[in-house]
Amino acid sequence: MKYYFAPMEGITLYPLRNTHRRMFGDCIDKYYTPFLTAHHNLHFKKREKKDAMPENIDTQAFSDYAHQIVPQIMANKAETFTWAAKEMAALGYKEVNLNLGCPAATVTNSHKGSGLLQDTDYLDHLLDGIFTQLQSENLDISLKTRLGFSGESKAEDLMKIYARYPVKELTIHARVREDFYKGEPRLSAFDTAVQIYRENGGKADICYNGNAEAVDAGLKALRCYSDISAIMLGRGLLSNPALARELDGGPKLTAVELKEYLSILYAGYETYIPEERNVIFKLLEHWAFLDHHFENSEKYIKAIRKARSKGEYAAAVNNIFSSCKFI
Ligand SMILES: Cc1cc2nc3c(=O)[nH]c(=O)nc-3n(C[C@H](O)[C@H](O)[C@H](O)COP(=O)(O)O)c2cc1C
């Protein structure tokens, strides 16, 4: 089984990708960038483009970044997607991914992300444009979708549409838009969707996404399990950066590893974010996923959250590692 690091806006930026790859990357086959929006006037936000620039890639860790990192694009028109895809190809990337899953209202209201799942005729037209316009490019196009917008009833139509195009890989987040990121993944609907996709001639590799660490056993019971070639891990990797290694039967994350990981991550963010306070805020986003590793950690976590300088932050982190049992 292959494992991918899911795109996560504001989180899976290059400092995290470089750090993770260096320490735990052996078991991760692909890292996705958070979405880059392809604007109608054919430009990227500077900050978003910076995240995909090859000069920010640790090329020792990513010896073949063109295949190991996949830029994800948010677009609702074939022309803007095609423009963005060619920009990424010019930077050396071999695959781009279309975001068909983002549930944020600001995104769906502008008919992007999972908003595109509401109007299947338009989605079909969009994919037709994309695959026609990019057919002569040496570039794989993958999709990251959900099973529908307000319910599962459109999953069948969606799968039939996807099956019509030479999609390289189809990642299905086993939820609908209305689920956002909550609740149990819809495993049975996922299973049915994959069957329908195949029955209709869909050839793409299938990647499962959605609380994979928690539903591991349930996933293996699915009829389509042998057809899943990859699992995309998101929040699970934020809670446990060694998750893919553990799912592969490897050793459990140690306190020493996590401490070193956080320290390299801090240094990585320092090159990306100019203000010390904002570097700390960025690290706090990670700590929000990590407290479960420390027994009776409340007051130590509080101290980390209160840190306002690099020194205070480092002292609070040292304290939690030396005072709490690591679990
Ligand atoms: C904070 C956050 C940001 C996300 N940003 C993106 C994104 O930029 N593109 C995308 O396709 N999915 C995004 N997702 C969804 C994840 O890629 C993934 O589909 C979701 O978290 C479910 O997987 P998990 O249960 O393994 O976390 C985001 C999720 C979270 C929690």
Side-chain angles (χ1 to χ4, degrees), residues 1-14 16-17 20 27-28 30-38 44-45 47-49 51-52 69-76 81 84 88 95-108 110 112-117 141-149 167 169-187 189-190 206-216 218-219 228 230-244 246-247 281-290 292:
M1 185 64 73
K2 293 190 228 167
Y3 293 106
Y4 301 156
F5 206 136
M8 284 185 274
E9 190 189 3
I11 299 177
T12 56
L13 298 160
Y14 71 81
L16 174 71
R17 298 196 302 269
H20 191 272
C27 299
I28 301 284
K30 281 187 208 168
Y31 289 75
Y32 286 74
T33 72
F35 65 78
L36 290 102
T37 304
F44 291 119
K45 277 193 189 135
R47 179 174 46 82
E48 291 186 2
K49 177 111 189 244
D51 187 47
I69 300 175
V70 180
Q72 188 189 60
I73 295 168
M74 176 82 84
N76 61 3
F81 182 88
M88 292 300 117
E95 178 182 342
V96 289
N97 180 267
L98 172 63
N99 182 318
L100 293 168
C102 183
T106 45
V107 168
T108 58
S110 55
K112 290 183 186 142
S114 63
L116 287 163
L117 307 180
I141 298 162
S142 59
L143 308 177
K144 180 166 181 276
T145 187
R146 291 182 180 238
L147 291 163
F149 191 83
V167 174
E169 187 156 51
L170 179 63
T171 295
I172 304 175
H173 179 186
R175 289 193 174 93
V176 300
R177 185 269 179 173
E178 293 298 321
D179 298 332
F180 286 79
Y181 299 110
K182 294 193 292 281
E184 287 297 303
R186 298 169 183 253
L187 292 189
F190 171 85
I206 301 291
C207 172
Y208 172 86
N209 173 238
N211 291 31
E213 68 285 7
V215 298
D216 197 33
L219 262 181
I228 302 173
I231 292 181
M232 179 182 274
L233 304 166
R235 291 162 296 178
L237 278 171
L238 302 181
S239 300
N240 175 6
L243 177 62
E246 291 181 20
L247 290 173
F281 285 136
K282 206 54 166 169
L283 264 295
L284 292 184
E285 291 177 27
H286 290 273
W287 275 102
F289 289 91
L290 293 170
H292 67 102

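Indexing begins at 1, ligand by ligand and atom by atom, following the structure's order. Each residue takes its place number in the sequence, starting with 1.
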Return the residue, atom name and 0.1 Å-rounded distance of the protein heavy atom closest to [atom].
| atom | value |
| --- | --- |
| atom 9 (N) of ligand 1 | Gln72 OE1, 2.8 Å |
| atom 17 (O) of ligand 1 | Pro7 O, 2.7 Å |
| atom 30 (C) of ligand 1 | Met8 CG, 4.0 Å |
| atom 1 (C) of ligand 1 | Ile11 CD1, 4.0 Å |
| atom 21 (O) of ligand 1 | Arg235 NE, 3.7 Å |
| atom 23 (O) of ligand 1 | Asn209 ND2, 3.0 Å |
| atom 5 (N) of ligand 1 | Glu9 N, 2.8 Å |
| atom 28 (C) of ligand 1 | Tyr181 OH, 3.4 Å |

**Request:** Describe, in one word, how the ring planes of Phe190 and Tyr208 are oriented to each other, choosing from parallel (under 30°), tilted (30 to 60°) and perpendicular (over 60°).
**Result:**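 Ring orientation of Phe190 relative to Tyr208: perpendicular.
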**Message:** With a 4.0 Å cut-off on heavy atoms, is Cys102 in contact with ligand 1?
**Reply:**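 It does not, in that no heavy atom of Cys102 comes within the 4.0 Å cut-off of ligand 1.
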**Prompt:** Is the closest side-chain heavy-atom distance between Leu13 and Pro34 below 4.5 Å?
**Reply:**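 Answer yes - side chains close enough.
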**Prompt:** Heavy-atom distance under 4.5 Å between the side chains of Arg17 and Asp51, does that happen here?
**Reply:**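 Yes - at least one pair of side-chain heavy atoms lies under 4.5 Å apart.
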Are any of the N/O atoms in [X] less than 3.5 Å from those in ligand 1?
| X | value |
| --- | --- |
| Gly234 | yes |
| Ala6 | no |
| Arg175 | no |

**Asked** More than 12 foreign heavy atoms under 6.0 Å from CD of Glu285: is that the case here?
**Response**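 Above 12, so yes.
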Atom indices of ligand 1 within 4.0 angstrom of [X] heavy atoms, with elements:
| X | answer |
| --- | --- |
| Asn99 | 9 (N), 10 (C), 11 (O) |
| Asn211 | 24 (P), 25 (O), 26 (O) |
| Lys144 | 10 (C), 11 (O), 12 (N), 15 (C), 16 (C), 17 (O), 18 (C), 19 (O) |

**Request:** Please step through salt bridge (Lys or Arg N to Asp or Glu O under 4.0 Å) for the pair Arg186 and Asp179, ending with a clear verdict.
**Result:** CA-CA 10 Å; Arg186 298 169 183 253; Asp179 298 332; 2.8 Å; yes
Of all heavy-atom pairs between [X] and [Y], which one has the smallest distance, and what is that distance?
| X | Y | answer |
| --- | --- | --- |
| Leu147 | Ala189 | CD1-CB, 3.9 Å |
| Val96 | Phe81 | CG2-CZ, 3.8 Å |
| Asn209 | Met232 | ND2-O, 3.1 Å |

**Prompt:** Picking from Tyr14, Tyr3, Phe5, what satisfies ring pair (Phe, Tyr, Trp, His ring centres under 6.0 Å) with Tyr31?
**Reply:**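 Passing option: Phe5.
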**Request:** Working to the nearest 0.5 Å, report the span between CD1 of Ile11 and CG of Leu237.
**Result:**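 Spacing of CD1 (Ile11) from CG (Leu237) equals 12.0 Å.
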